[in-house]
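For clarity, every value in this text was computed on a predicted model and none was experimentally measured. Numbers here are sequence positions counted from 1. Counting starts at 1 for both ligands and their atoms, following the listed order.
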Amino acid sequence: MAIACPDCGAEQLIPDLRPNTVAECCRCGHLLDQADSAGLTIALAWSWATLMLLLPANLLPLMRVSIGRNVRHGYIASGVHALFAEHWPLLSALFAAFTLVFPMVYVGLMTIVLTAVRMRHHPRGLGRLFRYAHGLRLWAMPDVLVLAGMVVYMRTQVQMQSQVQWGGWCLIAASFLLILTPYAFSKHHVWRLIMPDWPAPSDEPAISCDVCNLVLPLSREGSRCPRCRHRLHLRKPNSLNRTAALVVASYVLYFPAYYYPMSITVQPDGVQPYTIMQGVRELVQAGYWSLAAIIFTASIVIPMLKLIGLSWLLMSVRRPSRRLLGFRTRLARIIHRIGRWSNTDPFIAALMVPMISFSGLANVHIGKAALPFALVVSLTMLASRSFDARLMWDAAEHHL
Ligand SMILES: [Zn+2]
Ligand SMILES: [Zn+2]
């Protein structure tokens with residue numbers, strides 16, 4: 001089968017794969033194809049289990065915090081409500097989308113698609129549902145919420161008693177399965193079950209779908225892929241302008257995100273604002289070195305790496321060179337996948353505000369940095385999604 005790599009555009013011939021083998025792009029290492037796997041039943045079982053675990057995770061308390069006889073329970077929904085009540089409606093909507101809506105929709109879609117293909121039932125629109133699930137994967141963030149919950153647990157341990165509750169255990173189990181499930185089956189196999197691959201056109205150039213890899217005649221460019229209904233383009237339309245606009249907006253928001261406090265703690269001995277750096281310093285002082293390193297990476301290193309990396313990638317289309325092309329393509333891919341982990345800090349604030357509300361003893365409020373920071377995370381995720389790494393290869397080829 002002939003296929004063009006969706007990351008670097010290299011056209012390659014893929015032979016029929018033996019069991020347990022994968023085909024990676026010879027230029028950039030992108031996973032082009034994977035042998036049909038027997039793991040579909042396992043993936044389906046895990047998908048159902050994730051769905052069943054997400055329900056109590058959404059409804060039951062995640063954590064219990066107490067000072068003496070004063071007890072507070074933290075739910076995902078109470079974070080959504082607290083952000084709204086503190087007059088941050090956009091932040092509240094983002095938190096609800098990433099932790100409640102997208103995880104449920106993603107897992108629901110995956111469960112529908114896997115159940116249908118396992119039962120050899122292929123209703124119209126199944127490819128479209130699998131594409132939606134595929135697109136939502138990075139935006140469903142229960143695993144990031146678990147990391148934020150771990151930090152809240154450690155932080156509250158310093159002055160209060162905190163315990164993980166049933167909702168929290170279910171969320172941890174659901175996140176674990178959510179990370180594992182994509183490794184249990186071959187998504188290429190599922191695409192072929194939804195609609196078999198077409199024979200490559202012999203008498204005209206080909207185009208392959210960026211989402212499901214179906215190879216079609218180039219004359220179909222601009223129409224929708226018959227398997228997943230994604231619009232077919234040789235290169236993502238308007239990629240450079242869109243990415244550049246999103247990167248510039250992220251730079252503008254970057255400064256208030258680090259300058260202002262993420263959260264503000266009010267205690268009898270005074271008011272303590274916490275910027276991102278102060279949050280890291282507090283974890284170090286409490287002796288939680290490993291957690292401090294994780295937060296430092298997620299909140300400071302990754303956003304910086306993303307902005308500098310995306311700027312470099314944009315520049316390298318304008319000033320083409322063949323140097324490090326493979327590395328730059330891999331970098332674009334890594335930036336796209338890791339960006340979501342930066343949401344840890346806004347999630348920490350969203351969990352702490354409703355739980356740490358002991359009037360007269362301790363209260364936490366949202367700081368001015370939370371919204372710009374959450375927007376930087378989302379905008380850079382959109383920027384890395386709209387960047388087409390194939391443009392760097394095109395530019396380098398024309399440059400020679
Ligand atoms: Zn490639
Ligand atoms: Zn497609």
Euclidean distance, M195 CE relative to C225 SG, rounded to 0.5 Å: 7.5 Å
Stepwise, does the side-chain contact (heavy atoms from CB on, under 4.5 Å) test hold for L310 with S384? CA-CA 7 Å; L310 282 167; S384 60; 4.2 Å; yes
Through direct or indirect side-chain contacts below 4.5 angstrom among Ile, Leu, Val, Met, Phe, Trp and Tyr, which residues connect to [X]?
X	result
L59	none
V71	none
V266	I264, V271

Is R192 salt-bridged to D33, going by a charged N under 4.0 Å from an acidic O? yes
Indicate yes or no for a side-chain donor-acceptor contact from R340 to the backbone of A140 under 3.5 Å, with no hydrogens or angles considered.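 Yes; judged by distance alone, with no hydrogens or angles, the pair exists.
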Would you give the angle at the Zn ion (ligand 2) between C209 atom SG and C225 atom SG, to the nearest 10°? 110°
Rounded to 10°, how many degrees is the angle SG/C212-the Zn ion (ligand 2)-SG/C228?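 My answer is 120°, to the nearest 10°.
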For the Zn ion (ligand 1), state how many protein N, O or S atoms fall inside a distance shorter than 2.8 Å. 4
